[in-house]
Amino acid sequence: MDPIRIAIVGMGKIARDQHVPAIRGNSAFSLAATVSPHDAGLDGVPHLASLDALLHDGPAVDAIALCTPPQVRYDLAVQALGRGIHMFLEKPPGATLAEVGTLQAQADKVGVSLFAAWHSRFAAGVAPARAWLAERKIDSVSIVWREDVRVWHPGQAWIWQPGGLGVFDPGINALSIATHILPRPFFLKDATLILPDNRAAPIAADLHFRDTGGAPIHMDLDWRQTGPQSWDIAVETDAGTLKLSQGGAVLHLPGSTDHGEDVEYPGLYSRFAALIRGGRSDVDTDPLRLVADAFLRGRRETTDAFHD
Ligand code: NAP
């Protein structure tokens, strides 16, 4: 079977750190081109400054991995889907829920695969955590996602702009895990969003959810963390505590700890290949819906200005 010819659009941090090695490490794909307005591209791979240039003058591609900021993703995705190109959307899949819905409808109409990728769901501890929790009664959940924005998002202006999600850019990863491993759906009860007075997106947030069985779920997001970083989910159950740490890579169960390999992006590309070969899409907007609800229902507080 011929490899799927794929272009990366948006050659920023995540494209270089994860997409390039994951594509090169998967024989189902060949990296046909890269696209970015200000990037020089990769040695030996055709590089174009825009998606228009790729579609008009570039090599033929079967698929695109869209790794731009979310605010510009819809227009690019709709253009490529219209050409019958399979689409991998980095998280979050869009800047609004409605635009993701229209992309799904268009992909279905054209008959191509649309993949809304949630990389954290492919962390090593997540599948076994989901299996273990399926049998348990959940008493409560604590999510602590605290990181240093200056380390992880230096100079990324888009992340502070409307649609950039602020601290929910990493926080949505925690929600992508929680919505996947917890056996019951959950919904927002109360939220406080803390915004620097010179920015349009929150630097911290405190959220209270409840699942349909009544279990409380507390989420603490903060971008002002220095020193050790925290990406932890602890679930209290009738059989003891499950804890996922390091973003889902490490799974602690009563009596055991498993340290997993870094398998998120290889897992995403295996899934994308299977979707394309099987003529299917995978578009789960639940994590984005919970974030949208936080912006809909949360109260805003203002804090000190943030400077990079
Ligand atoms: P980034 O470093 O700012 O990169 C974004 C890239 O998109 C830039 O290289 C920019 O190109 C390009 N771009 C912007 N508009 C474009 C357009 N119209 N056409 C083509 N390219 C365009 O951001 P990032 O950290 O990689 O994040 C990108 C997405 O991946 C976000 O949704 C984020 O949530 C997600 N993500 C990031 C991480 C992470 O650790 N950083 C992890 C997982 C997922 P120029 O620089 O050439 O202008």
Side-chain angles (χ1 to χ4, degrees), residues 6-23 33-42 45-58 61 64-80 85 87-96 99-100 103 115-123 126 145 147-177 201-202 221 223 229 231 246-249 262-269 272 285 287-288 291 308:
I6 189 167
I8 299 176
V9 176
M11 282 296 285
K13 182 171 184 340
I14 197 62
R16 285 184 171 275
D17 289 357
Q18 296 288 351
H19 288 258
V20 170
I23 290 169
T34 57
V35 174
S36 226
H38 305 109
D39 192 88
L42 306 168
V45 179
H47 181 76
L48 298 111
S50 68
L51 179 62
D52 266 341
L54 174 71
L55 297 178
H56 289 110
D57 307 321
V61 299
I64 282 177
L66 209 40
C67 303
T68 65
Q71 295 98 327
V72 298
R73 228 178 266 149
Y74 174 81
D75 288 339
L76 298 168
V78 97
Q79 197 182 352
I85 294 172
M87 185 65 54
F88 177 129
L89 300 172
E90 249 301 353
K91 50 69 46 171
T96 69
E99 70 183 34
V100 181
L103 291 180
F115 182 28
W118 297 109
H119 64 87
S120 295
R121 285 186 178 171
F122 288 78
V126 171
W145 231 248
E147 62 179 44
D148 185 342
V149 64
R150 291 188 173 88
V151 171
W152 301 102
H153 301 281
Q156 291 185 339
W158 61 265
I159 216 162
W160 293 103
Q161 290 161 2
L165 300 188
V167 74
F168 286 94
D169 176 83
I172 202 169
N173 298 333
L175 289 171
S176 76
I177 297 176
L221 302 179
W223 252 350
Q229 310 281 287
W231 298 285
Q246 296 181 29
D262 181 3
V263 290
E264 294 182 18
Y265 279 78
L268 285 175
Y269 274 95
F272 190 37
T285 52
L288 185 59
V291 171
D308 270 318

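Just so you know, ligand 1 is whichever comes first in the structure, and atom 1 is the first atom listed for that ligand. Every heavy atom of this structure was used, including side-chain atoms; hydrogens, water molecules and symmetry mates were not. When a residue number appears, it is its place in the shown sequence, counting from 1. Note that the structure is predicted; figures quoted are calculated from it, not measured.
- Atom 3 (O) of ligand 1 has as its closest protein heavy atom Trp158 NE1, 2.9 Å.
- The shortest N or O to N or O distance between Gly12 and ligand 1 is under 3.5 Å.
- Looking only at heavy atoms of the protein, atom 32 (O) of ligand 1 is closest to Arg73 NH2, 2.7 Å.
- Under a 4.0 angstrom heavy-atom cut-off, Trp152 registers as lying outside contact with ligand 1.
- The shortest contact between atom 18 (N) of ligand 1 and any protein heavy atom is with Leu76 CD1, 3.9 Å.
- Between His119 and ligand 1, a contact under 3.5 Å exists for no N or O pair.
- Taking only nitrogen or oxygen atoms, main chain and side chain alike, Gln156 reaches within less than 3.5 Å of ligand 1.
- Residue contact annotation: Trp118 has no non-hydrogen atom under 4.0 Å from ligand 1.
- For Trp152 and Trp231, the ring centers are positioned less than 6.0 Å apart.
- Annotation: Pro70 places no N or O atom under 3.5 Å from an N or O atom of ligand 1; distance criterion only.
- The closest protein non-hydrogen atom to atom 15 (N) of ligand 1 is Val72 CG2, 3.8 Å.
- By heavy-atom distance, the residue among His38, His19, Lys91 lying nearest atom 33 (C) of ligand 1 is Lys91.
- Ligand 1 has an N or O atom lying under 3.5 Å from an N or O atom of Asp169, backbone or side chain.
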